[in-house]
Amino acid sequence: MPELPEVEVVRSGLEPAVTGARVESVTVLDTRSLRRHDGPAEDFVDRLAGRTILGVVRRGKFLWLPLSADGDAGPEALVAHLGMSGQVLLRDRSTDDALTRIRLELRHPRLAELRLNFVDQRIFGSMAIDPLVATGDGRPGGYSGALAPWPDAWIPGQVAHIARDPLDPAFDDARFLAALAKRRTGIKRALLDQTLVSGIGNIYADESLWAARIHFDEPTGTLSARRARTLLAEVRLVLARALAEGGTSFDAQYVNVNGASGYFSHSLNAYGRHGQECPRCGRPLERASFMNRNSHFCPHCQRLR
DNA sequence: CCTCACACCTGGGTGC
DNA sequence: TGCACCCAGGTGTGAG
């Protein structure tokens, strides 16, 4: 479940159920879902089994579950990225899901036994055990909700290069705007670059650009500081609204930890609406090929300057 | 260092 | 029904 709102729906669903739970057993059904793990599947299983989950943290589209100490190893976390089609489903111990790639059996002190199925059709997502490293700015590594004994200024090594997301209180607006102004590329490319700002994918890039009336291919070099600030504000509004509606779902693939879909697809103004009327000006929205995917926009409201 | 093209993958839906 | 084809919301890597 890809973009920030959908991943946050997963994070917030996992948090009360897995915080404090012990990992009783781990089954790797497809080793390709360990693409991000540095080592063989046996190493993943050995390092995860028996440990207790301390919380659930998210930065952008990355999730990680800090783990209790294990011998001489430094602080580590179970990292999960959902890629294009990943799901994390909480089930009872008798329920299986098609396309489950990794299965964890958990025991929670109050909620007792449960099963966590990592499901992924395309296998662009993956799990990993990764050492935690100190954040560069001393601020919390990501968002961990209210329950966890975080915030701690730690982040998995493999996530450290990802920028903070626009809903993170430690996101530095001035730094982002300065970095954006230095780029020599199109604005949508920049929005999708997770090392510049994280959490935005194809849907919310198109929605934010539509809201800010900016063409997806407008060069970052000609975007005024004022319009860039407007765009950042619209990004935040779009992400927050989508989050409030439980994320965007077009089909059964993008669901929360209980398998339920969000409602934001009903609130989309541009994404997937090519051929239909622009909700603002009434003229037809268009779709254009861009970066091996599609961009949805209003050619009247979003003119290339 | 920055930018961009490309590789990595499957199965559900659609149309003939 | 069967089957070929199309499509999908992301990230890491390496060339230039």
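Below, each value reflects all heavy atoms present in this structure, side chains not excepted, and no hydrogens, waters or symmetry copies. Keep in mind the model is a prediction, meaning the values are calculated, not measured. Throughout, protein chains are lettered first and strands after them, A, B, ... in sequence-line order, and every chain is numbered starting at 1.
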Interatomic distance where [atom1] belongs to [X] and [atom2] belongs to [N] [whole Å]:
| X | N | atom1 | atom2 | result |
| --- | --- | --- | --- | --- |
| Phe62(A) | dG10(C) | CZ | P | 12 Å |
| Lys188(A) | dC4(B) | NZ | P | 14 Å |
| Gln87(A) | dG11(B) | CD | P | 13 Å |
| Leu192(A) | dG9(C) | CG | P | 10 Å |
| Ile187(A) | dC4(B) | CD1 | P | 13 Å |
| Met291(A) | dC6(B) | CE | C1' | 11 Å |
| His274(A) | dC7(C) | NE2 | C1' | 11 Å |
| Arg36(A) | dC8(B) | CZ | P | 16 Å |

Are more than 12 heavy atoms, taken from residues, nucleotides or ligands other than [X], located less than 6.0 Å from that residue's [atom1] atom?
| X | atom1 | result |
| --- | --- | --- |
| Arg175(A) | CZ | no |
| Glu113(A) | CD | yes |
| Arg226(A) | CZ | no |

Looking only at the side chain of [X] (C-beta and beyond, no hydrogens), which of the listed nucleotides [options] gets closest?
| X | options | value |
| --- | --- | --- |
| Arg32(A) | dG11(B), dC9(B), dT11(C) | dC9(B) |
| Met84(A) | dT11(C), dT10(B), dG10(C) | dG10(C) |
| Arg122(A) | dT3(B), dG12(C), dA8(C) | dA8(C) |
| Ile203(A) | dG9(C), dG12(C), dC9(B) | dG9(C) |

Examine [N]: is either OP1 or OP2 under 4.0 Å from a nitrogen or oxygen in the side chain of [X]? Give yes or no.
| X | N | result |
| --- | --- | --- |
| Thr185(A) | dC2(B) | no |
| Arg35(A) | dT11(C) | no |
| Arg293(A) | dG10(C) | yes |
| Lys182(A) | dC2(B) | no |
| Tyr271(A) | dG9(C) | yes |
| Arg189(A) | dA5(B) | yes |
| His81(A) | dG10(C) | no |

Run the salt-bridge test on [X] and [Y] with the 4.0 Å N-O cut-off and return the result as yes or no.
| X | Y | answer |
| --- | --- | --- |
| Asp30(A) | Arg32(A) | yes |
| Asp137(A) | Arg164(A) | yes |
| Arg241(A) | Glu207(A) | no |

Open item on the list: Mind checking if Leu99(A) touches a base, just sugar-phosphate, or nothing, with heavy atoms under 4.0 Å?
Closed with: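 It contacts sugar-phosphate atoms only.
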Task: Complement of dG9(C), any strand, by Watson-Crick or G-U distances under 3.5 angstrom - done: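 Partner of dG9(C): none found under 3.5 Å.
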- [ ] Hunt down the Watson-Crick or G-U wobble partner of dC9(B), both distances under 3.5 Å, from any strand shown, or write none.
- [x]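 Across all strands, not a single nucleotide pairs with dC9(B).
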Open item on the list: Ring centres within less than 5.5 Å and planes less than 30° apart: is that true of Phe124(A) and dC8(B) in this structure?
Closed with: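 It does: the ring sits over the base of dC8(B).
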Task: Residue closer to the 5' end of DNA chain C, Asn294(A) versus Gln194(A) (nearest nucleotide) - done: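 Looking at the nearest nucleotide for each, Asn294(A) comes out on the 5' side.
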